[in-house]
Amino acid sequence: MEHITIDNINIEIIRKNTVVVGSGAAGLNAADRLYYFGQRDIAIVTEGLLMGTSRNTGSDKQTYYKLNLSGSDADSVVAMAETLYNGGAMDGDIALCEAVLSAQCFYRLAEIGVPFPHNEYGEYVGYKTDHDPRSRATSAGPLTSKYMTEKILEQIKSKNIPIYDGYMVIKILVRDGACRGVLCLNLNTLNIKDKRYTVFYTTNVIYAVGGPAGLYARSVYPESQSGASGIAFEAGIMGKNLTEWQYGIASIKFRWNLSGTYQQVLPAYISTDLNGENPFEFLNEYFETDEQLLNAVFLKGYQWPFDPRKINNSGSSLIDVLVYNETENKKRRVFLDFRKNPSVLKDDFSNTGKECFEYLKKSGALFGTPIERLNQMNPAAVELYKNNKIDLYREPLEIAVCAQHNNGGLSGNMWWESNIKGFFPVGEVNGTHGVYRPGGSALNSGQCGGMRAAMFIAKNRTVPPDININTDDINIAEIIQKIDKITTGVVKNKSNVFETRKEIGELMSKNAAHIRNADDIEKSIEITKARYLNYWENVKIGNIAELPVALSNRDLLIAQYVYLTAMLDYIRHGGKSRGSYMIVSGHEDDNRFIKIHNKLQLKYIPCEDSDNMKEMIQEAFLADGEVKITWRKRRPIPDVLRWFENVWNDYNNYNN
């Protein structure tokens with residue numbers, strides 16, 4: 001066991017060729033693939049093996065998106081790449097890689113036991129998901145990503161790949177433009193000063209920490225996940241498409257997407273005061289006909305993510321705006337009540353609209369209350385909440401419009417390597433996606449990205465880390481000194497860490513979620529930048545157990561500052577509503593904005609697919625406390641060599 005000493009504090013050193021940070025489906029797969037490709041000098045570092053989005057979230061039918069592998073419908077890797085690329089602001093080489101590897105990664109998951117359904121001939125039949133022209137989607141049920149994580153972890157354990165559980169990354173070590181490892185808090189020995197820190201000194205880091213989940217108060221991400229994008233920006237790693245998120249209606253007592261049958265059974269939307277009193281059905285006054293209201297609720301099952309293109313003509317995303325109006329502007333609470341039908345619903349369901357009526361009829365559900373229909377059509381959906389101490393037969397379900405996925409993130413090339421050599425962001429933390437993405441493409445992207453990074457490392461970056469460690473070069477003294485300062489007098493400090501976390505989340509959910517106003521974002525940047533630059537002077541912890549939260553807050557403030565700056569820059573460049581957010585204004589004299597609804601004050605810039613900067617990619621870089629924003633044209637889908645004899649010769653000579 002190696003050690004170094006800084007300011008009389010003992011620091012453990014662990015040397016590896018590659019450390020994978022994170023234990024979700026993307027990170028575990030990267031470690032498993034590294035082992036398969038022959039690199040055995042590896043380890044997994046995780047804050048908590050059972051934490052993270054992959055293990056703890058899902059949806060009505062959590063989707064995995066891949067090449068169509070059944071039936072007679074034509075498909076190809078180029079066709080799939082074009083679908084991904086056509087979402088806008090996505091690099092073509094990454095789209096092609098994700099399409100090419102989708103079948104291989106999918107079959108690997110099926111092979112190790114993820115229960116994707118197939119027919120008696122072995123065809124993995126699919127269905128269409130959002131932004132999907134072909135039936136490429138499949139699902140193992142509401143817990144697809146959990147099954148993926150569990151099955152890949154079995155592979156990790158069978159290979160005896162070391163897992164360092166309870167280690168929180170607090171600094172990425174960079175020297176001369178290359179990653180040299182990570183500095184961690186050892187959460188298992190936090191109380192012991194000489195056992196508090198560990199440096200993983202490496203040639204490569206595969207960074208699979210998920211999206212910056214802690215940024216939003218209204219969130220579908222598990223509370224156990226906060227993210228670690230801020231320290232990556234601090235280390236000089238480039239951000240990409242940070243404006244692009246996905247938001248939708250979810251329950252907040254137990255965090256879960258309310259898509260699919262949760263909406264298709266037509267629950268009543270109820271607004272109450274903050275005490276849960278004075279309930280009323282708030283949707284009724286905003287729809288001209290009962291059929292429009294019921295159709296919008298029904299379609300919200302298929303069209304779960306907020307989409308500014310689906311606001312007009314009583315579209316399904318008008319519901320997201322109305323929920324936001326109740327919770328953020330009126331300061332009320334909103335619930336789905338499955339115990340009662342919407343007051344406008346006729347007993348014979350004749351005013352539901354043709355699509356909804358036929359769906360319920362074919363499902364044998366033209367009867368009863370929403371909870372009775374839900375239990376008929378999808379009993380597992382009822383059981384899910386019951387297992388989390390919510391009985392939909394007895395209580396309404398509190399909801400909000402929540403952050404669910406970051407389409408942007410850290411920037412990587414076609415091997416998922418960032419602008420810092422040896423640093424590979426994979427999974428959600430890597431901003432591979434553009435503006436729109438097919439549902440389930442995130443799960444595929446995480447598997448493909450981990451595999452690409454592992455392939456590159458196993459061939460090109462196999463050397464062990466340097467023999468000598470120069471503590472000045474890896475620059476960890478400053479952060480240890482800062483931590484030592486805030487932990488010295490913890491007994492007499494009044495903690496502010498939980499208040500700070502709440503302030504971070506509330507600011508983002510109010511001003512930088514699916515409804516964005518340039519003036520409010522600009523004010524938010526001023527607040528966030530001051531909090532970030534003065535953080536060490538103002539942070540107070542009440543006991544040593546709060547230290548991880550304090551350091552996570554700092555990470556989130558860095559990320560918040562960079563993300564907000566990117567959002568403002570997009571608007572200032574003339575960016576319109578797109579993806580899963582809309583640009584709004586309260587200025588009456590701005591003719592770019594139109595009214596969302598005659599009963600709402602909000603005005604927004606409409607979404608125009610022909611002019612939404614889809615050919616451009618925004619990149620963000622943090623240096624000396626300032627965020628630098630640049631724009632570039634996205635890379636096209638490569639027109640690559642596909643003549644077999646030439647590829648064979650090329651492969652044998654260079655082993656691509």
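- In this structure, Asn612 contributes its side chain and Ser577 its backbone to no donor-acceptor pair below 3.5 Å.
- In this structure, Glu358 does not pair ionically with Lys362, as no charged nitrogen and carboxylate oxygen lie closer than 4.0 Å.
- Judged by distance alone, the side chains of Thr83 and Arg136 do bring a donor and an acceptor atom under 3.5 Å apart.
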When you look at Tyr604 and Ile515, which way does the side chain to side chain contact (heavy atoms under 4.5 Å, CB included) test go after all the steps?
-> CA-CA 9 Å; Tyr604 80 117; Ile515 296 179; over 6 Å; no
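- Looking at Asn119 and Glu123, their side chains do bring a donor and an acceptor atom within 3.5 Å of each other.
- Summarising the geometry of Asn341 relative to Thr369, their closest heavy-atom pair is OD1-CA, 3.8 Å, with the distance given to 0.1 Å.
- Aromatic ring pairs are classed by plane angle as parallel below 30°, tilted from 30° to 60° and perpendicular above 60°; the pair Phe280 and Phe282 is perpendicular.
- Of the inter-residue distances, the one linking His597 atom NE2 with Leu318 atom CG reads 6.0 Å to the nearest 0.5 angstrom.
- For the pair Tyr65/Met80, a side-chain contact is recorded, criterion being any heavy-atom separation below 4.5 Å from C-beta on.
- To the nearest 0.5 Å, the span separating CG on Leu564 from CG on Leu242 amounts to 10.5 Å.
- For Asn387, the CG atom is densely surrounded, since the number of other residues' heavy atoms within 6.0 Å is greater than 12.
- Taking the charged nitrogens against the carboxylate oxygens, Arg437 and Glu98 have no contact shorter than 4.0 Å, which rules out a salt bridge.
- Exactly one of Leu294, Val344, Asn295, Leu322 qualifies for a side-chain contact (heavy atoms from CB on, under 4.5 Å) with Phe287. That residue is Leu322.
- Under 4.0 Å is where a charged nitrogen must lie from a carboxylate oxygen, and between Arg108 and Glu111 at least one such pair does.
- Between the side chain of Ser580 and the backbone N or O of Phe306 there is at least one donor-acceptor pair closer than 3.5 Å.
- No hydrogens or angles considered: a donor-acceptor pair under 3.5 Å links the side chains of Ser343 and Asn284.
- The two residues Lys151 and Ile112 have their closest heavy-atom pair at CD-O, 3.5 Å.
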Just do the side chain to side chain contact (heavy atoms under 4.5 Å, CB included) check on Met567 and Tyr581 with the steps written out, would you?
-> CA-CA 11 Å; Met567 291 176 184; Tyr581 59 90; over 6 Å; no
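- A distance-only check finds a donor-acceptor pair linking the side chain of Asp273 to the backbone of Asn275 [under 3.5 Å].
- The backbone N or O of Ala217 sits nowhere less than 3.5 Å from a side-chain atom of Glu506 that would complete a donor-acceptor pair.
- In this structure, a donor-acceptor pair under 3.5 Å is absent between the side chains of Tyr121 and Ser70.
- Under the 4.5 Å side-chain criterion, counting only non-hydrogen atoms from C-beta, Ser317 is in contact with Lys300.
- A donor and an acceptor atom, one from each side chain of Ser226 and Ser552, are located under 3.5 Å apart.
- With hydrogens and angles left out, the side-chain atoms of Glu288 and Ser314 include no donor and acceptor closer than 3.5 Å.
- The pair Asp307-Arg309 meets the salt-bridge criterion, with a side-chain N (NZ, NE, NH1 or NH2) lying under 4.0 Å from an Asp/Glu carboxylate O.
- Shown are Leu392, Asp391, Ile390; of these, the side-chain contact (heavy atoms from CB on, under 4.5 Å) with Arg394 is made only by Asp391.
- Heavy atoms from other residues, nucleotides or ligands lying under 6.0 Å from NZ of Lys595 number more than 12.
- Enclosure of atom NZ in Lys331 by more than 12 non-hydrogen atoms of other residues, nucleotides or ligands within 6.0 angstrom is indicated.
- The structure places CG of Asp337 at 12.5 Å from CD of Glu398, a figure rounded to the nearest 0.5 Å.
- The minimum heavy-atom distance linking Asn29 with Met451 is given by the pair ND2-N, 4.0 Å.
- Between Glu326 and Arg333 there is no salt bridge, since none of the side-chain N atoms of the basic residue sits less than 4.0 Å from a carboxylate O of the acidic one.
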Please report the C-alpha distance between Met582 and Ile596 in whole Å, then the side-chain angles of each, then the deciding distance to 0.1 Å, and finally whether the side chain to side chain contact (heavy atoms under 4.5 Å, CB included) criterion is met.
-> CA-CA 10 Å; Met582 63 182 185; Ile596 293 169; 3.2 Å; yes
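- A cation-pi arrangement is absent between Lys66 and Tyr124, since the terminal nitrogen or guanidinium carbon is not both under 6.0 Å from the aromatic centre and inside a 45° cone about the axis.
- For the atom pair Tyr85 OH and Lys614 NZ, the distance stands at 9.0 Å (nearest 0.5 Å).
- Shortest non-hydrogen contact noted between Thr138 and Tyr127 is O-OH, 3.5 Å.
- Here the shortest heavy-atom pairing between Thr352 and Leu266 reads CG2-CD1, 4.0 Å.
- Between Asp73 and Arg134 no salt bridge is recorded (no basic side-chain N to carboxylate O distance below 4.0 Å).
- Looking only at distances, no side-chain donor or acceptor of Asp75 sits under 3.5 Å from a matching main-chain atom of Leu67.
- Among all heavy-atom pairs drawn from Ile605 and Gly575, the shortest one is CD1-O, 4.2 Å.
- For Arg339 (side chain) and Ile371 (main-chain N/O), no donor-acceptor pair under 3.5 Å exists by modelled atom type.
- In this structure, CZ on Arg218 lies 12.5 Å from CD1 on Ile399, to the nearest 0.5 angstrom.
- In this structure, Lys510 and Asn329 have side chains that are in contact, with non-hydrogen atoms separated by less than 4.5 Å.
- Using a 4.5 Å heavy-atom threshold, the side chains of Phe338 and Tyr385 count as separate.
- Classification of the Phe106-Phe116 ring pair by plane angle, with boundaries at 30° and 60°, yields tilted.
- Residues Tyr221 and Glu428 bring a donor and an acceptor atom of their side chains to less than 3.5 Å of each other.
- Contact check for Lys386 versus Tyr393: no side-chain heavy atoms found under the 4.5 Å cut-off.
- In this structure Leu366 satisfies the side chain to side chain contact (heavy atoms under 4.5 Å, CB included) test together with Phe349, Phe357, Leu360, Lys361, sequence neighbours excluded.
- One N or O on the side chain of Gln225 and one on the backbone of Gly211 form a donor-acceptor pair closer than 3.5 Å.
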How far apart are the C-alpha atoms of Val435 and Asn407, what are their side-chain angles, what is the distance that settles it, and do they pass the side chain to side chain contact (heavy atoms under 4.5 Å, CB included) test?
-> CA-CA 7 Å; Val435 181; Asn407 281 5; over 6 Å; no
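- Judged purely by distance below 3.5 Å, without hydrogens or angles, the side chains of Thr261 and Asp60 pair a donor atom with an acceptor atom.
- The aromatic rings of Tyr247 and Trp245 lie parallel to each other, with less than 30° between the two planes, well short of the 60° mark.
- If you check the side chains of Ser445 and Thr432, you find a donor sitting under 3.5 Å from an acceptor.
- Taking 4.5 Å as the limit, some side-chain heavy atom of Leu507 sits within range of a side-chain heavy atom of Gln560.
- For the pair Arg516/Tyr570, no side-chain contact is recorded, criterion being any heavy-atom separation below 4.5 Å from C-beta on.
- Within the model, atoms CG of Leu153 and OG of Ser54 stand 12.0 Å from one another, a figure rounded to the nearest 0.5 Å.
- In summary, the side chains of Glu244 and Tyr436 do not present any donor paired with an acceptor at a separation below 3.5 Å, with no hydrogens or angles considered.
- Residues His118 and Val125 fail the side-chain proximity criterion, which asks for heavy atoms closer than 4.5 Å.
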